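Here the structure is a predicted model, which means the values were calculated and not measured. By convention here, the first residue in the shown sequence is residue 1.
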Amino acid sequence: MLRPFVTFLTLLVLWVLVAQVNHLLAETQVYLFIGGLFVAYAALALPLRDGLAAVLLGGLLFDSGAPVPFGTHALLFAAVHAIVFNIRDRLPRDETVARVIVALLANLGLFLALSFALIGRGPAPGTAWPRLIIDLACSQVFLALLAPWFFALQSRALVLTGAERDNLA
């Protein structure tokens, strides 16, 4: 029961940090989306139940500050978690590079799913795509730079609290 809570606390720290970065970038009209980081570690390193609980809580945290129907991020995060969890045995999941690639692919999938689902709400959906492509490119670069630090933070937090990760799920 401690693993989901500790993992969620690290997700909360990440959410606050990225919210501050997005606040600083507001003048440039760039939005960084890092949903893939919310899913990758939990899906690759934690047992199914613990990882899914942390990802659902992280999705609800994302939903709390987003102009989407409540539960949208939680549902998408859970779906991506299930996909990554089912293929994780085929991946070198203890390597940082593999984790970063999984996070980047998960982020791409989540970003595109949210974009396609919500693009119709705007007054001119066709004009939003250039801005979305810039946001996606910036998000992917930011995620690639931030991911190794964040994976180390999550792993170390689990070790320090005694909730060591269990790769045998």
Take atom CZ of R156 as the centre, draw a 6.0 Å sphere, and report whether it contains more than 12 heavy atoms from other residues, nucleotides or ligands. no
Nearest heavy atoms of L11 and G58, plus distance in Å: CD1-CA, 4.2 Å
Following the transitive rule for hydrophobic clusters with a side-chain heavy-atom cut-off under 4.5 Å over Ile, Leu, Val, Met, Phe, Trp and Tyr, establish whether L145 and L14 coincide in one cluster. no
Any side-chain heavy-atom pair of V21 and L25 under 4.5 Å: yes
Find the distance between CG (L158) and CG (L2) and round it off to the nearest 0.5 Å. 8.0 Å
For F77 and F62, take the angle between the two ring planes, folded into 0 to 90°, and tell me which bin it lands in: parallel under 30, tilted 30 to 60, perpendicular over 60. perpendicular
Shortest non-hydrogen contact between A106 and V80, atoms and distance: CB-CG1, 3.8 Å
Roughly how far apart are C138 SG and L143 CG, rounded to 0.5 Å? 12.5 Å
Could you tell me whether a side-chain N or O of T72 sits under 3.5 Å from a main-chain N or O of V68, the two making a donor and an acceptor? no
Quick one: CG on L46 to CG on L52, what's the gap to the nearest 0.5 Å? 11.0 Å
Look at the side-chain heavy atoms of Ile, Leu, Val, Met, Phe, Trp and Tyr, link any pair under 4.5 Å apart, and say whether I134 and I34 land in one connected group. no
Taking every heavy atom of A147 against every heavy atom of V100, the minimum-distance pair comes out as CB-CG2, 3.8 Å
Is any side-chain heavy atom of V6 closer than 4.5 Å to a side-chain heavy atom of Q154? no
For L56 versus A78, what's the shortest heavy-atom pair and its separation? CD2-CB, 3.7 Å
Can you check side-chain contact (heavy atoms from CB on, under 4.5 Å) on I101 and L105, steps first, answer last? CA-CA 6 Å; I101 291 171; L105 291 173; 4.1 Å; yes
Keeping R3 on the side-chain end and G51 on the backbone end, is there a donor-acceptor pair under 3.5 Å? no
Do V39 and L60 belong together in a cluster built from hydrophobic side chains that touch within less than 4.5 Å? no
Which heavy atom of P148 sits nearest a heavy atom of T96, and at what distance? CB-CG2, 4.0 Å
Point-to-point distance, once rounded to the nearest 0.5 Å, from CG of D50 to CZ of F5: 13.5 Å
Under the side-chain contact (heavy atoms from CB on, under 4.5 Å) rule, what do H81 and L48 come out as? Steps first, then yes or no, please. CA-CA 9 Å; H81 179 274; L48 179 61; 3.8 Å; yes
At what distance, to the nearest 0.5 angstrom, does CD of Q29 lie from CD of E27? 10.0 Å
Count I, L, V, M, F, W, Y as connected when their side-chain heavy atoms are under 4.5 Å apart, and connections chain through other members. Are Y31 and V16 then in the same cluster? yes
Listed partners of L136 passing side chain to side chain contact (heavy atoms under 4.5 Å, CB included), at least two apart: L108, F111, Q140
Full working for ring pair (Phe, Tyr, Trp, His ring centres under 6.0 Å) between F142 and W149: CA-CA 12 Å; F142 182 73; W149 168 80; 9.9 Å; no
Could you state whether L17 and W15 fall into the same hydrophobic cluster, counting links through intermediate Ile, Leu, Val, Met, Phe, Trp or Tyr residues with side-chain heavy atoms under 4.5 angstrom apart? yes
List for me each residue that meets side chain to side chain contact (heavy atoms under 4.5 Å, CB included) alongside S139, sequence neighbours excluded, and say none if there are none. L32, F33, N107
Closest heavy-atom pair, H73 versus G59, reported as atoms and distance to 0.1 Å, is CB-O, 3.5 Å
Looking at CZ of R99 and CG of L104, how far apart are the two atoms once the value is rounded to the nearest 0.5 Å? 14.5 Å
